[in-house]
Amino acid sequence: MADQQTPASSGRRLTLRQRQRASRGMQYAVLIAVAVLLAALADWSAIQQSFLNLDVAKEGLPELFTVALRNTVIYTVSGFVLGFAFGLVLALMRLSRVAPYRWLSAIYIEIFRGLPILVVFLMIISVPLAFPGFELPGGVYGQAALGLGMVSAAYMAENFRAGIQAVPKGQMEAARSLGMPHGRAMVSIVIPQAIRIVVPPLTNQLVALLKDSSLVLILGVTATQVELAKFGNDQSSTFANPTPLLVTGLTYLLITIPLGYAARRMEARQGASR
Amino acid sequence: MSTVEIRNLHKSFGKLEVLKGIDFSVETGQVVCVIGPSGSGKSTLLRCVNLLEQPTSGQVFVDGIELTHPDVDIDAARRRLGMVFQQFNLFAHLTVLRNVTIAQERVLKRPRAEAVRIARENLEKVGLSEKAESYPAQLSGGQQQRVAIARALAMNPSLMLFDEPTSALDPELVGDVLQVMRRLAEDGMTMLVVTHEMGFAREVADRVVFMDQGVIVEDGPPAQVIAAPQHNRTREFLHRVLHPGD
């Protein structure tokens, strides 16, 4: 009788491999059951109407690219450039021989790595309250670049610091022994090598910044200043249809996935050349 | 005339006293080899001469100028000194040619064309003219070290410092570097060389200095220090170096 029992009911006598196979079979069964259930329950024509509505999607063209994507790129790149320059300064302060510079840099980095960008944007909006009459040049573009730049500078400073410290000490010694002053040696010899080291992490920063640029909408943008996320949101309210959100999401992925892939490729190549 | 003069030089790292009062000079045109066991302070001595290490006390003079004087412009003073490192330390992001021109242009303010001409002359001197456009990573260790020598020479130093220049090289690559150094010595360059190459010291050096535990134990012509050492410590060290495994 015993050997006519089904495998499932005599688990204790199964070999390890048989048990693994049974477990894998169960997992496939669950997956198929869920898929069948979803397919049966979902109203496909309704889903297509709301998320894959080509007529609505076409309404967004060409502004999706000429206005929204363009602005997203402007906000991202201006924030990145500002963050890059300021981050490099912060990193050099962090490594300075003058202790107060080190402290100031450390405090800044801790604060701005800890704050959500949304809060930073809200504070930037409030600046005119504290300084009546003061206005940031560039309007929303200036505010966006400042907010994104201030936050990304804190992250990039840590990247730069690690990069500078990864350049072998002998490079600085060789430069100094050729008569280069410390600052010149830093600019001509150490920083160019450090930047090569930090290209992959900075590419990841660029991806993060691109996503964070969606928060620019809190600054109150006009129709010409609108970026991808707000554009998608506005379109979907106008047409009472979420298709534009899907289109917006795909547009982000069009940039973030290749960039992330490039960053991983560069990381791998650097790892291999060490 | 002395190119280098060192008076009562002391150097401590924290509590560890590495140099315990060094007095010593290098005459113009002389080649002086510093030998001694690892940890004897010979590399530190060399690094104190161009102030890569700040001496704890004592004086260093080069061409009659006191480098240890608080008012001295250390960057200007270092231009008189060429330094060659054990690990080559070529600038990894620059071509061989750029490695040799960058300090000429940035420090000596030579025009680009002149810097390139001088760089090519010096690369030819070390036998690497055809590698001008290569990057350091594409060269062997021996080639990198010869570029490092050309880089230092392009600054027209009055003294060349060598910090164990062949210690990081594969044995078959040592000869080319020593050959370049030998020719440099023949041309009358003043050289201070920290080395384990006893053959080179015996053949090329005008003087050999034996250091142990932060002091100079013996200082004299190679025929004396290497061939007929006066001190026990020198004898023991030379025996270990010349007959390893005994």
Side-chain angles (χ1 to χ4, degrees), chain A residues 84-85 87-88 91-92 95-99 102 156 159-203 262-263 265-274, chain B residues 43 46-54 67 73-94 98-110 115 135-138 144-145 147-157 159-163 168:
Chain A
F84 186 98
L88 190 53
L92 293 173
L95 297 169
S96 166
R97 272 170 293 191
V98 182
R102 291 202 300 272
M156 287 198 237
N159 292 146
F160 280 129
R161 183 175 64 87
I164 289 170
Q165 287 177 329
V167 176
K169 213 176 74 198
Q171 296 286 308
M172 175 58 94
E173 289 189 346
R176 295 307 303 274
S177 66
L178 287 165
M180 284 192 203
H182 184 269
R184 164 51 63 191
M186 216 56 192
V187 170
S188 292
I189 305 300
V190 177
I191 290 174
Q193 295 186 57
I195 285 178
R196 271 157 214 237
I197 296 171
V198 300
V199 164
L202 288 197
T203 309
R265 278 286 302 269
M266 286 184 288
E267 260 165 22
R269 201 180 316 159
Q270 276 194 0
S273 71
R274 287 276 157 81
Chain B
S43 281
L46 202 71
R47 291 164 62 85
C48 279
V49 173
N50 72 352
L51 297 204
L52 279 181
E53 303 293 350
Q54 189 67 41
L67 301 196
D73 176 355
I74 184 58
D75 296 316
R78 281 197 184 116
R79 291 174 211 162
R80 302 163 179 281
L81 305 165
M83 177 86 170
V84 176
F85 297 87
Q86 185 176 351
Q87 299 296 338
F88 331 130
N89 296 345
L90 290 187
F91 303 134
H93 62 308
L94 302 177
R98 195 80 189 109
N99 261 277
V100 187
T101 56
I102 188 164
Q104 295 187 63
E105 288 177 41
R106 300 272 196 248
V107 178
L108 301 180
K109 308 290 177 205
R110 284 180 187 152
Y135 282 87
Q138 299 168 312
Q144 289 192 48
Q145 192 62 297
V147 173
I149 293 172
R151 177 174 70 178
L153 288 176
M155 305 295 283
N156 300 117
L159 168 73
M160 287 283 287
L161 305 168
F162 292 85
D163 188 5

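In what follows, chains carry the letters A, B, and so on, assigned in the order in which the sequence lines appear, proteins first and then strands, with residues in each chain numbered from 1. Note: hydrogens, waters and symmetry copies are ignored here, and every other heavy atom, side chains too, is used.
Contact of the B:Pro136 side chain with the B:Val147 side chain is not registered, since no non-hydrogen atoms from C-beta on lie closer than 4.5 Å.
Put simply, the side chain of A:Gln193 never gets that close to the backbone of A:Val190: no donor and acceptor are under 3.5 Å apart. Judged by distance alone, with hydrogens and angles left aside, the side-chain atoms of B:Arg79 form no donor-acceptor pair with the main-chain N or O of B:Pro157 at under 3.5 Å.
Interface residue A:Ala175: backbone and side-chain heavy atoms are both found under 4.5 Å from chain B. Within the 4.5 angstrom heavy-atom criterion, no atom of B:Leu51 approaches chain A. Contacts of A:Pro168 with chain B are absent, with no heavy-atom separation under 4.5 Å from either backbone or side chain. For B:Leu52, the part lying near chain A is the side chain, with the backbone staying farther off; criterion is any non-hydrogen pair under 4.5 Å. Only the side chain of A:Arg184 comes within less than 4.5 Å of a heavy atom in chain B; its backbone stays farther off.
Aromatic rings from B:Phe85 and B:Phe162 are positioned such that their centres are separated by 6.0 Å or more.
Counting heavy-atom pairs under 4.5 Å between each of B:Met83, B:Arg106, B:Arg151 and chain A puts B:Arg106 at the top.
Residue B:Gln145 holds its CD atom at 9.0 Å from CD of B:Gln86, rounded to the nearest 0.5 Å.
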